[in-house]
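Quick caveat: nothing in here was measured; it's all calculated off a predicted structure. Computed from heavy atoms alone, side chains included, the values below leave out hydrogens, waters and symmetry copies. As the structure lists them, so they are numbered: ligands from 1, and atoms in each ligand from 1.
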Amino acid sequence: MSWKTLAATGLLVSLAAAPVSAQDYPTKPVTVIVPFAAGGPTDVAARIYGEFFSRTLGQQFVVENAAGAGGTTGALRASRATPDGYTIFVHNVAPHVAGPALYPSATYDPVKNFEPIGTLAFAAHYIVVNKNFKANNLKEFIDFAKANPGKINYGSAGGGSATHLACVLFGQQAGIELTHVPYRGTGPALNDLVAGTLDLMCDQGLNMMGQATAGTVKVLAVAQKTRFPGLPNVPTSAEAGLPGFEVSAATAMYAIAGTPAPVVARLAQTMAAAYKDPGVRKRIEDLASELPGPGQDTPQALGQFTRSEMERLGAAIKKGNVKAQ
Ligand code: MLT
């Protein structure tokens, strides 16, 4: 039978669409799109899990940083990738779902265009200032900011990123006016905080833990109910005088919608195994972050969380009139 006849009978088409079995996947390297610059929290979490996936599945999971526009450049690119399991996406849930509400160019649907695989880490945000900043605690910082409206600048991973939204919330709850400086990721923003160009970041432990323990930045508070044992002298927001300021970022892995079910299942099984791996667990926990607990550790739980965050943040963006810049 010739190729022409094959095509005419539709056999060629059905061969091309033959179902992929979980055992067949992966047979070549997998690209992991990270929509922020290298060295930041999303990149760090993607690489920690990527190493485990490479080791377990026998093919390299290669991170590609596609940064820009608060993560929406990479999200758009991922949403258009071939859904065959050879492109997957690691993003922070907040900017993932907030992107289309903030950027007209972000013409992807955070729920419909992606298939949830699992949450990599939940990371509390920290109020971090450059080490020469005049304030030595949160109260002094807020007093200084009130006396100098708009004069304090903060760096984020771009409009709508987790670090942007956390500082918007911080400013609202503390009653202070701060000036936003967007970057392509919190990795480069942290470099400028250490260099002294920036005053403030509302950063995740996944990013700034090394600088915090080295004393190259000052950490004024953690925005959660309990102190992190690795930074025992950093007070909680309530202890520091700002009760109720609690913000956590969730970094998650998605396949592209339309990826064959056996491939999605293989990725989800590998994620479940990663949660049990002592090496992955230690590396995430040492960076002041938590792995998902019972009830949070399934693709279904991530799907539900993605949908509820989309509603919650969409409403907050409208109400607070939050802009991308
Ligand atoms: C964010 O702020 O949304 C991200 O964590 C930024 C990053 O990974 O660089």
Side-chain angles (χ1 to χ4, degrees), residues 32-50 63-78 89-103 106 110 119-128 153-171 178 180-194 198 200-212 217 222-224 247-254 283-284 287-290 305-306 309-310 312-313 316-317 322 324-325:
V32 183
I33 295 186
V34 167
F36 295 112
T42 314
D43 180 74
V44 167
R47 285 174 200 272
I48 291 173
Y49 279 83
V63 170
E64 191 180 303
N65 300 93
T72 57
T73 304
L76 187 60
R77 180 141 138 221
F89 185 48
V90 170
H91 201 354
N92 210 300
V93 175
H96 180 50
V97 298
L102 292 170
Y103 294 87
T119 304
L120 311 190
F122 292 102
H125 286 264
Y126 288 77
I127 303 295
V128 193
N153 64 26
Y154 70 93
S156 84
S161 65
T163 35
H164 174 217
L165 299 173
C167 265
V168 167
L169 216 64
F170 172 49
L178 302 164
H180 182 210
V181 185
Y183 287 73
R184 291 165 72 80
T186 47
L190 183 64
N191 292 342
D192 277 2
L193 189 73
V194 172
L198 281 178
L200 166 74
M201 282 180 74
C202 300
D203 203 3
Q204 300 169 50
L206 269 171
N207 195 37
M208 60 87 209
M209 193 50 59
Q211 302 294 353
V217 291
V222 56
Q224 66 179 5
V247 206
S248 153
T251 306
M253 182 189 286
Y254 300 88
R283 288 178 75 189
I284 293 290
L287 292 168
S289 305
E290 285 171 17
F305 182 63
T306 306
E309 281 296 271
M310 192 156 142
R312 186 178 76 91
L313 290 172
I317 285 166
V322 178
Q325 292 306 316

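Within a 6.0 Å radius of CD in E309, more than 12 heavy atoms belonging to other residues, nucleotides or ligands are found.
Heavy-atom distances between A249 and ligand 1 stay at or above 4.0 Å for every pair. Within the 4.0 Å heavy-atom cutoff, P95 counts among the residues contacting ligand 1.
Ligand 1 has no N or O atom lying under 3.5 Å from any N or O atom of D43, backbone or side chain.
With hydrogens left out, the protein atom closest to atom 2 (O) of ligand 1 is T163 OG1, 2.6 Å, a heavy atom. From the protein, the heavy atom lying nearest to atom 5 (O) of ligand 1 is Q204 NE2, 2.8 Å.
When non-hydrogen atoms are compared, ligand 1 lies under 4.0 Å from the side chain of N92 (C-beta onward) but not from its backbone.
Proximity to T42 (heavy-atom distance under 4.0 Å) selects the following atoms of ligand 1: 4 (C), 5 (O), 7 (C), 8 (O). Close approach of ligand 1 to A162 (heavy-atom distance below 4.0 Å) involves ligand atoms 1 (C), 2 (O), 3 (O). Applying the 4.0 Å criterion to heavy atoms of A157 picks out, from ligand 1, the atoms 1 (C), 2 (O), 6 (C).
Side chains of T306 and Y254: a donor on one and an acceptor on the other come within 3.5 Å.
Taking all heavy atoms of T186, T251, V34, V44 into account, the minimum distance to atom 7 (C) of ligand 1 is reached by T186.
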